[in-house]
Structure formats: C-alpha cells, structure tokens
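I have placed the structure first, in the form of structure tokens, so that the comments after it can refer back to it.
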4 protein chains.
Amino acid sequence: MAVSLRKARTIIRKTLEKGREMDLKPLSVVVLDAGGHVIAFEREDGAAPGRFPIAHGKAYGSVMLGMAGTAQMQRAEAQAYFMAAVNGVYGGQVVPVPGGILLRDRKGAVIGAVGVTGDTSDNDVVAGMAGIESVGLTGES
Amino acid sequence: MAVSLRKARTIIRKTLEKGREMDLKPLSVVVLDAGGHVIAFEREDGAAPGRFPIAHGKAYGSVMLGMAGTAQMQRAEAQAYFMAAVNGVYGGQVVPVPGGILLRDRKGAVIGAVGVTGDTSDNDVVAGMAGIESVGLTGES
Amino acid sequence: MAVSLRKARTIIRKTLEKGREMDLKPLSVVVLDAGGHVIAFEREDGAAPGRFPIAHGKAYGSVMLGMAGTAQMQRAEAQAYFMAAVNGVYGGQVVPVPGGILLRDRKGAVIGAVGVTGDTSDNDVVAGMAGIESVGLTGES
Amino acid sequence: MAVSLRKARTIIRKTLEKGREMDLKPLSVVVLDAGGHVIAFEREDGAAPGRFPIAHGKAYGSVMLGMAGTAQMQRAEAQAYFMAAVNGVYGGQVVPVPGGILLRDRKGAVIGAVGVTGDTSDNDVVAGMAGIESVGLTGES
C-alpha cells in the first residue's frame with residue numbers, strides 16, 4: 001500500500017490543525033514515501049525559512065534506517081558518533097529526534113514517514129500523530 | 001509581499017488541476033519564497049520518485065539568479081559550462097529549463113518562484129502559469 | 001522591511017569601531033538577509049583567513065532556524081547530536097555559538113542576521129549589538 | 001604586499017560607482033586575498049539573492065588557478081569537461097567567465113582577486129577594472 005497524495009495532504013492538514021488547536025508555534029510537515037522521497041510538504045506562515053531540511057531530515061532518517069525519531073534519539077544519546085556517521089552516509093540528511101514518525105501498513109511494513117518540526121519535539125509528535133490517525137494509519141514515533 | 005501558505009497551496013492545486021485538464025503526465029509542483037526556501041510541495045500519484053529535486057531545482061535557480069527557466073535554458077544553450085558552474089556554486093541545485101517560474105509583486109520585485117515538472121517543459125509551464133494566475137499573481141517563465 | 005546595503009555597511013563599520021574601542025582582536029562581520037543570503041561582509045586586517053565561513057555560519061544558522069547564537073549554544077550543550085545533525089541538513093554551514101544575532105523588525109519578524117567572529121564569543125556579541133543599535137534596529141543575540 | 005581591508009572597500013565602492021555611472025544592473029563585488037579567502041563583499045539593493053556565490057566563484061577560480069576569468073572562459077570553450085572537473089575539485093566554487101579579475105603586485109605576483117557579477121560579463125569587467133585602478137593596482141581580467 002502506497003501513501004497517496006490525497007492521504008499525504010490530509011495528514012499535513014490535520015497535523016497543522018492539531019498544532020493550532022494546541023496553540024503550538026508554526027509547524028512544518030513533510031510526508032515521504034517508502035523510498036524516502038517527498039510526496040508533500042507545507043510550512044506554516046511565520047515559521048523560520050529553514051524548516052524544510054529539518055522536517056525532511058526527521059522523516060528521511062526514519063525511512064532510511066527503518067527507525068523512528070525517538071529510537072534514533074536514544075541511539076544518538078547512547079552513541080553520538082554513530083548517528084553523526086549515519087548523518088554523513090546519508091548526505092547530511094538525518095535529524096535524529098522525535099518528530100520523525102514511521103508509517104506502517106497493517107502487516108507492519110514501512111510505507112513512508114512523516115516529519116514534523118516547529119515546536120518542542122514532543123509537541124511535534126503529538127500533532128503529527130493526530131494527522132496520521134486522521135487517515136486511519138498507525139504512526140510509530 | 002510574501003507568498004502565504006494559503007496562496008502556495010492554491011497555486012499547486014490549480015496547477016495540478018490544469019495538468020489533469022490538459023491530460024498531462026502526473027505533475028509535481030513546488031513553491032519557494034523570496035529566499036529560495038520551500039513553502040509547499042506536492043507530487044501527484046504515479047510520478048517518478050525523484051521529482052522533488054527537479055521541481056525544486058527549476059524554482060531554486062530561478063530565485064537565486066533572478067532569472068526564470070526559459071532564460072536559464074537560453075544561457076545554457078549558448079554557454080553550457082556557465083550553467084554547469086552555476087549549478088556547482090549553488091550546491092548542485094539548479095535545473096535550467098522551462099518550468100522554473102518567477103513570482104513578482106506589482107513593483108517587479110521577486111517574491112518567490114514556482115517549479116513544475118512531469119510533462120514536457122513547455123506543458124509544465126502552461127500548467128504552472130494557470131496556477132499562478134489563479135491567485136492573481138504574474139508569473140515570468 | 002529589508003536590510004539595505006547602506007544599513008548593512010553601517011552595521012559592519014560600527015561593529016568594527018566598537019571592536020577597536022574595546023581593544024578586541026581583529027573582527028569579521030557578515031550581514032545576511034531574511035533568506036540567509038549575504039548582503040555584505042568585511043574581515044579586518046590581521047584576522048585569520050578562514051573567518052568568512054565562521055561569521056557566515058553564526059548568522060546563517062540563526063536565520064535558518066529563527067534562533068540566535070546563544071539559544072543554539074544552549075541547545076548544543078543540552079543535545080550536541082541535534083545541532084550536529086542541523087549542521088548536516090544545512091550543508092555544514094551552522095556555527096552554534098554567540099555572535100549570531102537575529103535582526104527583527106518592529107513586529108518581530110526576522111529580517112536578517114549579523115555574524116561576528118574574532119574575539120571571544122561574548123565580546124563578538126557586544127561589538128555586533130553596538131553595530132546593530134547604530135542603525136536603529138534591535139538585535140537578538 | 002597584501003590587499004588591506006581599506007583597499008578592498010575602496011575597490012568595491014568604486015566598482016559600484018562605476019556601475020551606476022554606466023547604468024548597469026545592481027552589482028555584487030567580492031575581494032579575495034592571495035589564498036582565495038574573502039576580505040570583503042557587497043551586494044547592491046535589487047540584486048538577486050544568489051549573487052555572493054557567483055561573485056565568489058569568479059574570483060575564487062581566478063586565484064586558485066592563477067588564471068583570470070577570460071582565460072578560464074577560453075579554456076572552458078576549448079575543453080568544457082576540464083573546467084567542469086576543476087569546478088569539482090574546488091568544491092563547486094568556480095565560475096569560469098569574465099568578471100573574475102586577478103590582482104598582481106608590481107613584480108607580477110598574485111595578491112588576490114576581485115569578482116564582479118550582475119550585468120553582462122563584459123560590463124562586470126569594466127566596472128571591476130575601474131574599482132581596481134582607483135587604488136593604484138593593476139587588474140588582469
């Protein structure tokens with residue numbers, strides 16, 4: 001099962017709605033496919049200009065490693081040089097903190113990832129999970 | 001005048017609609033701000049996975065050089081090594097063909113760019129211009 | 001409101017004057033626009049040759065993240081691997097220490113950043129703030 | 001003999017003055033030292049945001065190869081793949097067209113370079129040479 005553009009759009013829209021509901025700072029949200037390639041992205045007005053690479057880095061590392069942001073952060077805290085090396089081998093495109101959320105189908109296969117950035121990493125996750133649940137998918141943060 | 005997320009979304013949606021109306025291949029569309037940073041992006045179902053960097057490269061070169069895709073292509077045809085060098089100084093992020101469309105405000109200042117890819121470069125432009133006109137802006141292709 | 005070349009020049013000149021008044025080591029100062037692009041830069045005689053990338057990295061990270069140098073340093077001290085990853089996603093162009101100073105307009109929107117390097121980070125900030133205040137802007141260090 | 005900041009500033013100021021006198025598009029001017037490192041840079045209001053890397057690329061290639069922009073262009077026209085390779089080995093930082101001007105001392109030793117961009121390459125050179133002559137140096141374009 002692939003993530004359609006229609007679903008990606010809804011994930012983004014509902015993540016942003018949740019952010020406004022929680023009164024978070026302006027969010028930026030990316031949805032990647034199973035190959036780590038961008039399907040859709042939106043940056044809310046007022047967000048810093050460099051938010052795409054951060055959102056992308058959270059989601060990209062998640063897909064490429066098959067490991068969501070929280071697990072990457074634990075690995076980074078235990079072994080910082082390993083995640084620094086991972087950042088290097090993936091061309092500098094990995095941000096190992098919560099907000100990178102894996103999308104899995106019913107059999108558990110990774111079908112993509114969502115990257116959320118703008119508020120605290122924990123709040124980013126809450127908003128992203130709301131977006132993912134709105135399309136009937138299960139996120140792994 | 002900055003391009004709002006609301007306007008960027010509409011530009012993308014109307015560009016995709018125009019593409020379907022013209023029966024084009026699946027399109028991908030990015031909107032960048034005046035500093036060349038991503039505001040929004042969408043890739044239609046069925047498009048090749050690597051469409052983000054192509055759409056981005058068309059729009060990014062346009063903003064950074066202040067020169068739309070058609071003018072870049074003319075320069076590349078006259079002096080290929082110059083556009084190759086430009087690609088180098090901008091970190092490999094320039095695709096000098098039509099489909100990179102500058103957005104200008106009423107005084108002529110560049111306020112961002114749209115990048116469209118998926119069909120022929122000429123068709124990409126037609127679709128993108130329809131999207132841009134739908135929000136009352138003027139595109140320079 | 002954009003930072004004009006005239007203002008950027010004055011910020012640099014007054015920062016260097018303050019440095020000489022405080023008897024600091026030779027300073028280097030860059031001014032970036034709201035998209036993180038260079039408006040002006042000067043390196044004083046006697047400064048090490050590699051000062052441009054340091055000054056630029058302080059200011060560039062500030063604009064891209066919407067977070068000044070002191071806040072970046074605190075984040076780096078709390079979570080070093082996060083700022084290392086951020087450096088990666090921004091192409092190695094982030095130096096997360098004081099001396100990266102955000103420029104805001106009266107409504108609080110980021111309109112650019114100043115990067116100062118050459119003496120201690122704290123002295124760099126004092127000199128840069130003097131330069132910024134000389135043009136009637138408010139710096140966030 | 002090193003190029004002082006005072007001289008670099010004057011070169012830039014006089015290049016910009018010449019550009020206004022000739023009614024050129026907004027110019028951007030960089031001055032590099034004998035090691036290819038930035039001493040000073042200015043971008044006129046209204047210039048495209050990506051002008052620093054172009055100005056820098058013209059001057060950097062000149063210093064690194066000891067060959068000014070016109071000679072680099074001739075080499076690129078004769079053997080495009082060679083200049084593409086040079087761009088690669090210097091990290092993508094070479095723009096082989098006129099506007100990269102070598103600075104030499106009285107004995108002929110390279111002491112730095114000036115990079116000018118914004119109008120046609122030929123006009124960029126005319127403005128840059130005026131700037132260089134204003135400080136009593138000889139440019140090789």
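By convention in this document, chain letters (A, B, ...) are assigned in the order of the sequence lines, proteins followed by strands, and residues within each chain are numbered from 1. The structure displayed is predicted, hence computed values, not measured ones.
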Residue A76(A) versus chain C: region with a heavy atom under 4.5 Å
both

Please give me the minimum heavy-atom distance between A85(C) and P96(A), naming the atom from each residue.
CB-CD, 3.5 Å

Below 4.5 Å, heavy-atom pairs only: which of G92(A), G46(A), G57(A) has the largest tally toward chain C?
G92(A)

Give every residue pair that meets the ring-ring contact (aromatic ring centres under 6.0 Å, His included) criterion with at least one member in residues 118-141 of chain C, sequence neighbours excluded.
none

Heavy-atom closest contact (V94(A) atom, V89(C) atom, distance):
N-CG1, 4.3 Å

Heavy-atom distance under 4.5 Å to chain A: side chain of V110(C), backbone, both or neither?
neither

Is there any N or O donor on one of chain C and chain A with an acceptor on the other under 3.5 Å, and could you list each such pair with its distance?
{"from": "M64(C)", "atom 1": "O", "to": "G50(A)", "atom 2": "N", "distance (Å)": "2.9"}
{"from": "Y81(C)", "atom 1": "OH", "to": "E77(A)", "atom 2": "OE2", "distance (Å)": "3.1"}
{"from": "V89(C)", "atom 1": "N", "to": "G92(A)", "atom 2": "O", "distance (Å)": "3.0"}
{"from": "Y90(C)", "atom 1": "OH", "to": "G50(A)", "atom 2": "O", "distance (Å)": "2.5"}

If you count heavy-atom pairs within less than 4.5 Å of chain A, which of G88(C), A80(C), G61(C) leads?
G88(C)

